[in-house]
Each structure stands twice: as C-alpha cells, then as structure tokens.
Amino acid sequence: QVQLVESGGGLVQPGGSLRVSCAASGGTFSMYVMGWFRQAPGKEREFVARISKIGGARAYLDSVKGRFTISRDNAKNTVYLQMNSLKPEDTAVYYCAASNEWGSEARLYDYWGQGTQVTVSS
C-alpha cells in the first residue's frame, strides 16, 4: 500500500511560479509511474503530467506544455510539479497518483494523495 502526501500549494499571482511536491511511503517508489492530476470546482478531474519510473519519459496536458515540468527523485521518494507562468485557469486542487501502467487515464492510477489547493489570482 502506497501513501502519497502532497504539499506546496498556495495562492500565487498570474504569471507567477509554484512547485508542488508529493512524498510517497509504504511502497517501492521507483516501481511506479507517477502522475499529477487536477480538479477545478464544477469540473472533472483531468490529467496534467506523468513521468516514467526512472524519469526518462514525460507527458503533459497540452495546455501546460512549456509551462509545467514534472520531475522525480527516487532517492527521496518524491515527485514534483514545477509550475511557471501560472494562469487563473490553472486554479484547482492538484493530486498526485501512482500507477503500474503508462497512461493518462485516472482509472489507471491505484494510489492517490489527498490533494493540495493551487489558486492563481491577483
């Protein structure tokens, strides 16, 4: 059983940057594809980014390409999402998740964190 705990959310102005982190415990972190998802009020949860088990491959939602970067540190059992040039439409609860499969569908992810709120507003 893998436990995931996100941190680093908060309030940031449009155009600003924020890094959210997700610490994993209870499993072998390097065995999992890690993903970030987000859910805005009144909207469905959507895929944001994913990274392969040793970090050699990444994939992003089109609207965040060039602005967001996912990375992982397997020695620290942590995955990160660096978010730059933030926009109000990036406002959402951000969740990290772990999967044994490479894909963007939420159903592929077996373990989820509790989420961290990111608000982009002036």
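Computed from a predicted model, the values in this text were never measured in an experiment.
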For the pair [X] (side chain) and [Y] (backbone), establish whether a donor and an acceptor sit closer than 3.5 Å, ignoring hydrogens and angles.
X    : Y    : result
E44  : Q39  : no
S30  : K53  : no
Y109 : G103 : yes
T119 : T91  : no
S17  : N84  : no

Please confirm whether F47 and Y60 have ring centers closer than 6.0 angstrom.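 No - the distance between ring centres of F47 and Y60 does not fall below the 6.0 Å cut-off.
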Which atoms form the tightest heavy-atom contact between [X] and [Y], and what is the distance?
X    : Y   : answer
W102 : A57 : CH2-O, 3.6 Å
S104 : F37 : O-CE2, 3.4 Å
C22  : L4  : SG-CB, 3.8 Å
S122 : P14 : N-CD, 3.7 Å
C96  : V79 : CB-CG1, 4.5 Å
A49  : L81 : CB-CD1, 4.2 Å

Between I70 and V2, is there a shared hydrophobic cluster once you connect ILVMFWY residues whose side-chain heavy atoms come closer than 4.5 Å?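 Yes, it is one cluster - the side chains of I70 and V2 are joined through contacts under 4.5 Å.
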Distance from [X] atom [atom1] to [Y] atom [atom2], nearest 0.5 Å?
X    : Y    : atom1 : atom2 : value
L61  : R67  : CG    : CZ    : 9.0 Å
R38  : T116 : CZ    : OG1   : 14.0 Å
M34  : T78  : CE    : OG1   : 9.0 Å
Q117 : L11  : CD    : CG    : 9.5 Å

NZ or CZ of R50 within 45° of W36 ring axis and under 6.0 Å: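 Negative - R50 is either too far from the ring of W36 or too far off its axis.
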Is it true that the NZ or CZ of R45 lies under 6.0 Å from the centre of Y95's six-membered ring and within 45 degrees of the ring axis?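 Yes, a cation-pi geometry holds between R45 and Y95.
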Should E6 and Q114 count as side-chain neighbours, where that means a heavy-atom distance under 4.5 Å?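 They are in side-chain contact.
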Are Q3 and S25 side-chain neighbours, meaning at least one heavy-atom pair lies under 4.5 Å?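 Yes. Closest side-chain heavy atoms under 4.5 Å.
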Please state whether the rings of F68 and Y94 are parallel, tilted or perpendicular, taking 30° and 60° as the class boundaries.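 Rings of F68 and Y94: tilted, 30 to 60°.
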Please determine if K87 and D90 form a salt bridge, counting it only when a charged side-chain N lies under 4.0 Å from a carboxylate O.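 So K87 does not pair with D90 through a salt bridge.
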